[in-house]
Enquirer: 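One structure coming up, written as structure tokens, with questions to follow.
The residues of the chain are indexed from 1 along the displayed sequence.
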Amino acid sequence: MEAILRRELGTSVLRPTGHSGGGCISHGESFHTDQGHVYVKVNSRAEARRMFDGEMESLTAILQTQTVKVPKPMKVIDLPEGGAVFVMEHLEMRGLNRHAEKLGIQLADLHLHNQKLGEKLKEGASTIVEEQTDVQFIEKFGFHTVTCCGYLPQVNDWQQDWVTFFARQRIQPQMDMIEKNSGDREARELWAQLQLKIPSLFGDMEIVPALLHGDLWGGNVAEDDSGPIIFDPASFYGHSEYELAIAGMFGGFSGSFYSAYHSKIPKVPGFEKRLKLYQLFHYMNHWNHFGGGYRGSSINIMRNLVK
């Protein structure tokens with residue numbers, strides 16, 4: 001692998017820094033190079049290229065908004081023995097602590113960024129609006145490429161309507177996998193009922209597509225001296241409330257984070273029920289990744305929402 005990295009990065013120096021990391025999906029290691037420190041994620045799965053391409057596009061999209069810090073993506077490289085590596089900027093990160101409030105503000109800024117582009121367009125300020133980053137207003141829900149939440153692909157085909165997007169392209173694919181793997185009859189029957197109920201959870205809300213990190217749990221946030229950092233995204237344009245679902249499932253976010261976020265994007269009536277709906281996706285995704293230990297949480301959410 002090191003010979004491939006030297007060639008692809010055009011560096012004569014490639015020396016491990018001793019920093020390594022990773023989660024249950026990929027392994028990572030940092031290197032000194034001619035161009036400075038880089039962080040290399042390695043995954044040997046057949047679908048690694050698709051996963052890393054989606055992550056690279058996600059980081060690029062977030063970076064272009066200039067709202068919250070992410071590692072700068074550099075290159076995805078196929079490995080001859082299978083799998084791929086993803087090279088990005090190495091950042092010295094520590095656990096989120098001092099900058100939790102700042103993350104709340106910056107995450108809200110990320111979510112409001114597309115809406116503000118739309119407002120500027122309506123004012124006739126510009127056709128592209130932010131020429132320095134070439135970011136354009138997005139009026140539909142989806143993303144220009146497949147992204148993966150974990151290693152499972154997310155369907156990001158563009159949709160005009162958020163409820164349609166979420167039901168068809170988030171929950172339904174998860175349900176299809178559950179059906180294929182376990183044939184769970186109760187899950188299938190509850191989902192059939194819940195589909196009919198979902199529109200009533202939104203009323204006449206107007207939802208402007210927001211660029212989301214897409215997998216914002218405590219393990220994907222950090223900070224350095226300059227402020228918060230988010231990483232390992234699975235981005236798409238969706239409902240801003242969706243972002244807070246997995247954040248509330250596994251902890252890691254303080255009250256100051258939520259207060260700061262909601263000072264810029266206040267809660268709208270029905271927020272708690274929609275949050276449960278969005279958590280359903282993540283529990284089902286965990287069920288499909290890690291097995292039936294997450295079945296109970298998925299079933300309970302559906303039971304409660306169809307009441």
Side-chain angles (χ1 to χ4, degrees), residues 1-11 21-31 33 35 38-65 67-91 110 113-114 133-136 138 140-159 165 169-170 173-174 177 209-217 219-220 229-238 242-243 246 281-282 285 288-289:
M1 185 184 81
E2 292 192 9
I4 293 168
L5 284 173
R6 276 197 182 89
R7 184 180 72 243
E8 292 286 338
L9 298 178
T11 180
C24 50
I25 307 295
S26 300
H27 171 75
E29 189 171 357
S30 293
F31 294 90
T33 73
Q35 294 92 32
V38 299
Y39 183 70
V40 180
K41 286 176 77 170
V42 186
N43 192 288
S44 58
R45 287 178 175 270
E47 58 266 35
R49 176 82 201 205
R50 177 179 64 190
M51 190 169 68
F52 287 154
D53 280 344
E55 185 178 344
M56 182 160 178
E57 291 299 315
S58 299
L59 287 171
T60 300
I62 295 170
L63 193 64
Q64 287 177 332
T65 67
T67 53
V68 58
K69 189 172 184 177
V70 293
K72 291 187 182 102
M74 295 168 69
K75 200 166 195 180
V76 178
I77 305 162
D78 291 314
L79 292 173
E81 65 271 23
V85 299
F86 178 24
V87 185
M88 67 190 85
E89 171 189 25
H90 170 85
L91 296 175
L110 172 66
H113 185 266
N114 189 55
T133 57
D134 199 33
V135 180
Q136 299 185 41
I138 302 297
K140 293 184 179 181
F141 300 96
F143 204 54
H144 61 275
T145 191
V146 171
T147 52
C148 295
C149 194
Y151 59 78
L152 293 175
Q154 300 186 126
V155 183
N156 288 324
D157 297 344
W158 296 104
Q159 294 280 352
F165 176 91
Q169 298 182 196
R170 285 298 174 267
Q174 294 291 333
M177 275 184 269
L211 180 62
L212 306 178
H213 173 284
D215 190 17
L216 198 78
W217 67 288
N220 289 345
I229 302 163
I230 61 176
F231 51 95
D232 285 358
S235 291
F236 64 98
Y237 283 86
Y242 177 94
E243 193 87 281
I246 196 169
F281 165 79
H282 291 289
N285 190 44
N288 282 313
H289 271 88

Enquirer: Sort out for me which residue in Met56, Glu89, Glu57 forms a side-chain contact (heavy atoms from CB on, under 4.5 Å) with Pro73.
Expert: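 When side-chain contact (heavy atoms from CB on, under 4.5 Å) is applied between Pro73 and each of Met56, Glu89, Glu57, only Met56 qualifies.
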
Enquirer: Step by step, would you call Met177 with Leu152 a side chain to side chain contact (heavy atoms under 4.5 Å, CB included)?
Expert: CA-CA 10 Å; Met177 275 184 269; Leu152 293 175; 3.8 Å; yes

Enquirer: With a 4.0 Å cut-off on N to O distance, would you call Glu29 and Lys41 a salt bridge?
Expert: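 Salt bridge between Glu29 and Lys41, a charged N being under 4.0 Å from a carboxylate O: no.
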
Enquirer: For Glu8, enumerate each residue passing the salt bridge (charged side-chain N to carboxylate O under 4.0 Å, His left out) test, keeping only those at least two apart in sequence or located in another chain.
Expert: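 Partners of Glu8 by the salt bridge (charged side-chain N to carboxylate O under 4.0 Å, His left out) criterion, ordered by chain and then number, come out as Lys75.
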
Enquirer: Could you check, using the six-membered ring where one of them is a Trp, whether Phe165 and Phe236 have ring centers closer than 6.0 angstrom?
Expert: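 Yes, they do, as the ring centres are separated by less than 6.0 Å.
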
Enquirer: Mind checking the CG-CD spacing from Asn285 to Gln174? Nearest 0.5 Å is all I need.
Expert: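 The CG atom of Asn285 sits 4.5 Å away from the CD atom of Gln174.
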
Enquirer: Do the side chains of Pro80 and Ile4 get nearer than 4.5 Å, heavy atoms only?
Expert: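 Yes, close enough: below the 4.5 Å cut-off.
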
Enquirer: Is a side-chain N or O of Asn43 found less than 3.5 angstrom from the main chain of Val85, in a donor-acceptor match?
Expert: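 Judged by distance alone, no pair lies under 3.5 Å.
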
Enquirer: Can you measure from NZ (Lys72) to NE2 (His90) and round to the nearest 0.5 angstrom?
Expert: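 With rounding to 0.5 Å, NZ (Lys72) is 13.5 Å from NE2 (His90).
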
Enquirer: Mind checking whether Tyr151 and His289 have parallel, tilted or perpendicular rings, split at 30° and 60°?
Expert: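 It falls in the perpendicular class, over 60°.
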
Enquirer: Going through the distances and angles, do His113 and Thr67 end up as a side-chain hydrogen bond (donor to acceptor under 3.5 Å, both in side chains)?
Expert: CA-CA 8 Å; His113 185 266; Thr67 53; over 6 Å; no

Enquirer: If only atom types and distance count, is the side chain of Gln169 paired as donor or acceptor with the main-chain N or O of Asp157 below 3.5 Å?
Expert: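 Yes; judged by distance alone, with no hydrogens or angles, the pair exists.
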
Enquirer: Without swapping roles, check the side chain of Thr147 against the backbone of Ser235 for a donor-acceptor pair under 3.5 Å.
Expert: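 Between the backbone of Ser235 and the side chain of Thr147 there is a qualifying donor-acceptor contact (under 3.5 Å).
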
Enquirer: Report yes if the side chains of Phe281 and Tyr242 come closer than 4.5 Å at any heavy-atom pair, otherwise no.
Expert: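 Of all side-chain heavy-atom pairs linking Tyr242 with Phe281, at least one is under 4.5 Å.
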
Enquirer: Within a strict 4.5 Å, meaning less than it, do heavy atoms of the Val76 and Glu55 side chains meet?
Expert: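 In short, these two side chains do not touch, never coming nearer than 4.5 Å.
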
Enquirer: At what distance, to the nearest 0.5 angstrom, does CZ of Phe143 lie from CD of Gln154?
Expert: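 Rounded to the nearest 0.5 Å, the CZ-CD separation comes out at 10.5 Å.
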
Enquirer: The criterion is salt bridge (charged side-chain N to carboxylate O under 4.0 Å, His left out); which residues satisfy it with Glu2, sequence neighbours excluded?
Expert: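 For Glu2 there are no salt bridge (charged side-chain N to carboxylate O under 4.0 Å, His left out) partners, ignoring immediate neighbours.
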
Enquirer: Apply side chain to side chain contact (heavy atoms under 4.5 Å, CB included) to residues Ile230 and Lys69 and explain how you reach the verdict.
Expert: CA-CA 6 Å; Ile230 61 176; Lys69 189 172 184 177; over 6 Å; no

Enquirer: Is Asn156 reaching over with its side chain to a backbone N or O of Thr145, donor-acceptor style, under 3.5 angstrom?
Expert: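 Flag set: sc Asn156 to bb Thr145 pair under 3.5 Å.
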
Enquirer: Measure across Cys149 and Gly214 and return the closest heavy-atom pair with its distance rounded to 0.1 Å.
Expert: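 Looks like SG-O, 4.2 Å.
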
Enquirer: Please tell me if the side chains of Asp215 and Ile246 come closer than 4.5 Å, counting only heavy atoms from C-beta onward.
Expert: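 When only atoms from C-beta onward are counted, Ile246 and Asp215 do touch, with a gap below 4.5 Å.
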
Enquirer: Go through the steps for Phe52 and Cys148 under the test side chain to side chain contact (heavy atoms under 4.5 Å, CB included), then give the verdict.
Expert: CA-CA 8 Å; Phe52 287 154; Cys148 295; over 6 Å; no

Enquirer: Once you round to the nearest 0.5 Å, how far does CG of Asn220 lie from CZ of Phe231?
Expert: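 Here the rounded value is 5.5 Å.
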
Enquirer: Using modelled atom types only, decide if a donor and an acceptor are shared between the side chain of Asn114 and the backbone of Leu211 within a distance under 3.5 Å.
Expert: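 Not confirmed, Asn114 side chain does not pair with Leu211 backbone.
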
Enquirer: Do Val40 and Phe31 make a side-chain contact, defined as non-hydrogen atoms from C-beta onward lying under 4.5 Å apart?
Expert: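 Contact flag for Val40/Phe31 side chains = yes.
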
Enquirer: Could you point out which residue of Asp232, Leu59, Leu110, Thr65 forms a side-chain contact (heavy atoms from CB on, under 4.5 Å) with Val70?
Expert: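 The single option meeting the side-chain contact (heavy atoms from CB on, under 4.5 Å) with Val70 is Leu59.
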
Enquirer: Please check: side-chain N/O of Arg170 versus main-chain N/O of Val155, any donor-acceptor pairing under 3.5 Å?
Expert: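 Such a contact is found between Arg170 side chain and Val155 backbone.
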
Enquirer: Can you give me the closest heavy-atom contact between Thr11 and Leu5, atom names plus distance?
Expert: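 Nearest pair, atom of Thr11 first, then Leu5: CG2-O, 4.3 Å.
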
Enquirer: Could you state the interatomic distance from CG (Leu91) to OG (Ser30), rounded to the nearest 0.5 Å?
Expert: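 Atom-to-atom, Leu91:CG and Ser30:OG are 9.5 Å apart.
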
Enquirer: Any donor and acceptor pair, going by atom type alone, linking the side chain of Glu243 with main-chain N or O of His213 inside 3.5 Å?
Expert: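 Answer holds: yes.
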
Enquirer: Would you call Ser26 and Phe86 a side-chain contact if the rule is heavy atoms closer than 4.5 Å?
Expert: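 Side chain of Ser26 against side chain of Phe86, heavy atoms only: no contact under 4.5 Å found.
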
Enquirer: I'd like to check Met88 versus Val38 (side-chain heavy atoms, cut-off strictly below 4.5 Å). Are they in contact?
Expert: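 No - every pair of side-chain heavy atoms lies 4.5 Å or more apart.
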
